[in-house]
Amino acid sequence: MSVLTDFQYLVTTYGQAFVAAYLVSLRIAVLGFIGGFAVAILLTVARVSPIPPLRGAVTVYVEIFRNMPVLCLLVFIVYALPNLGLVIDYEPSAVLALVLVSSSFACENLRTGINTIDPGQIQAARSLGLGFSQIVGSIVLPQALRAVIQPMVTLALSVLISSSVGSLVPIAHKELTGLVAQINNAEALGVTTFFVAALMYVFTGLFIAFLGRRLERRLTIWR
């Protein structure tokens, strides 16, 4: 069959399955990124806190998970944790792996954003009697977040791509890469099947990048 014929056959036969698998991949990526972002906020607050052991613990966390492949972490969560008495379902395991890794990178991004803030602002806030939580919530985090929009967009794209690790565990509802592997086991459609999945990833990535540019234009602080 020609590529066009293969494509028509895929759309006709597996169109709904592709959409369902895409939504599963999107759900894993969104939960992984949002969860990682929320954890990164907490880590960043701890990292700038006046408590040295807390700052050290966050540094260790960031260095461990920033240098750990998502796949290795997923394998550990799925196959090693049950030996310790902790069993997590496959899809939440994929989300958890993405949260742990993405939070470490997001924390580093926020640290970079904090370094762009003029120290004079912090000193002025202290002279006005503002406490640590007020300074972080009103001055540090808002400016840091606005300074790292593009790195966060890049991280979101990375999380989207990394959601494909879900194909390596038996998720109840197939994510996109897992569906492609399943179709290729049943049909001789290799290149066309991967091409369709790649297009879905690419168009989603382009949409995320577009939203990131719009957000950056609206929120970036011009110095």
Side-chain angles (χ1 to χ4, degrees), residues 7 11 15 18-45 47-48 58 62 65-71 73 94-122 135-167 175-177 179-180 194-223:
F7 180 79
V11 172
F18 266 104
V19 172
Y22 169 75
L23 292 177
V24 172
S25 292
L26 198 60
R27 179 172 69 238
I28 292 173
V30 169
L31 291 176
F33 178 76
I34 292 177
F37 183 77
V39 172
I41 295 291
L42 298 177
L43 292 173
T44 302
V45 172
R47 201 171 196 178
V48 298
V58 172
V62 169
F65 291 111
R66 190 177 59 160
N67 293 289
M68 183 177 294
V70 178
L71 174 58
L73 185 56
V95 172
L96 177 59
L98 290 174
V99 166
L100 292 173
V101 174
S102 65
S103 64
S104 64
F105 281 97
C107 183
E108 275 296 283
N109 289 342
L110 288 171
R111 183 180 69 86
T112 301
I114 289 173
N115 289 338
T116 67
I117 301 173
D118 185 353
Q121 295 186 41
I122 310 298
I135 293 174
V136 171
S138 301
I139 299 174
V140 175
L141 282 181
Q143 293 189 65
L145 289 170
R146 293 171 71 175
V148 296
I149 292 174
Q150 275 306 318
M152 288 299 185
V153 170
T154 301
L155 179 60
L157 295 173
S158 177
V159 171
L160 173 67
I161 295 169
S162 296
S163 68
S164 62
V165 299
S167 64
E175 54 80 52
L176 192 53
T177 305
L179 175 67
V180 168
F194 279 103
F195 180 71
V196 171
L199 284 179
M200 299 177 82
Y201 281 119
V202 167
F203 282 119
T204 305
L206 290 174
F207 180 69
I208 293 173
F210 168 76
L211 292 179
R213 287 193 296 270
R214 292 289 300 272
L215 188 63
E216 185 178 35
R217 282 198 294 267
R218 293 188 60 179
L219 299 180
T220 294
I221 301 173
W222 300 102
R223 301 181 186 278

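Note that the structure is predicted; figures quoted are calculated from it, not measured.
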Exercise for review: Indicate whether the side chain of Tyr22 and that of Thr204 have a donor and an acceptor atom separated by less than 3.5 Å.
Suggested key: yes

Exercise for review: Check Ala156 against Ile208 and note the closest heavy-atom contact, atom names and distance.
Suggested key: CB-CG2, 4.2 Å

Study note, to complete from the structure: What one should report as the nearest heavy-atom pair of Gly32 and Ser102 is O-OG, 3.2 Å

Check your understanding: Which value, rounded to the nearest 0.5 Å, describes the distance between Glu175 atom CD and Ser164 atom OG?
Key -> 6.5 Å

Review point. Any idea which heavy atoms bring Tyr201 and Thr177 closest together, and the distance?
Key: OH-OG1, 2.9 Å

**Study point:** Check: Ser163 side chain, Ala29 main-chain N or O, donor-acceptor pair, under 3.5 Å
**Key:** no

Review point. Roughly how far, to the nearest 0.5 Å, is CD1 of Ile149 from CG of Leu211?
Key: 12.0 Å

Check your understanding: What heavy-atom pair brings Ala209 and Val153 nearest, and what distance separates the two atoms?
Key -> CA-CG1, 4.0 Å

**Study point:** Donor-acceptor contact present, side-chain Thr44 to main-chain Ala40, <3.5 Å
**Key:** yes

**Study point:** Side chain proximity check, Phe37 to Leu155, heavy atoms < 4.5 angstrom
**Key:** no

Check your understanding: Given the rule in the side-chain contact (heavy atoms from CB on, under 4.5 Å) test, do Leu43 and Ser103 qualify, once you have shown the distances and angles that lead to the verdict?
Key -> CA-CA 8 Å; Leu43 292 173; Ser103 64; 4.2 Å; yes

Check your understanding: In Å, rounded to the nearest 0.5 Å, how long is the span from CE of Met200 to CG of Leu160?
Key -> 11.0 Å

Revision key, fill the gap. When rounded to the nearest 0.5 Å, the distance separating CG of Leu157 from CG of Leu206 is 9.0 Å

Check your understanding: Using 4.0 Å as the upper bound for N to carboxylate O, is an ion pair formed by Arg213 and Glu216?
Key -> no

Review point. Can you find a pair of side-chain heavy atoms, one from Thr112 and one from Pro151, that are under 4.5 Å apart?
Key: no

Exercise for review: For the residue pair Cys107 and Val58, establish whether any side-chain heavy-atom pair is separated by less than 4.5 Å.
Suggested key: yes

**Study point:** side chain to side chain contact (heavy atoms under 4.5 Å, CB included) partner of Leu141, chosen from Ile41, Val48, Ile135
**Key:** Ile41

Revision key, fill the gap. Taken to the nearest 0.5 Å, the spacing of Leu98 CG from Ile34 CD1 works out to 12.5 Å

Revision key, fill the gap. Test side chain to side chain contact (heavy atoms under 4.5 Å, CB included), reference Val148, set Met152, Arg146, Gln150, output is Met152

Point to revise | Donor-acceptor contact below 3.5 Å, side chain Ser25 vs main chain Leu176 | key: yes

Review point. Phe105: what forms a ring pair (Phe, Tyr, Trp, His ring centres under 6.0 Å) with it, not counting sequence neighbours?
Key: none

Review point. Got Val62 and Arg47 here, is their nearest side-chain heavy-atom distance under 4.5 Å?
Key: yes

Point to revise | Approximate separation, where rounding is to 0.5 Å, of Ile114 CD1 and Leu145 CG | key: 9.0 Å

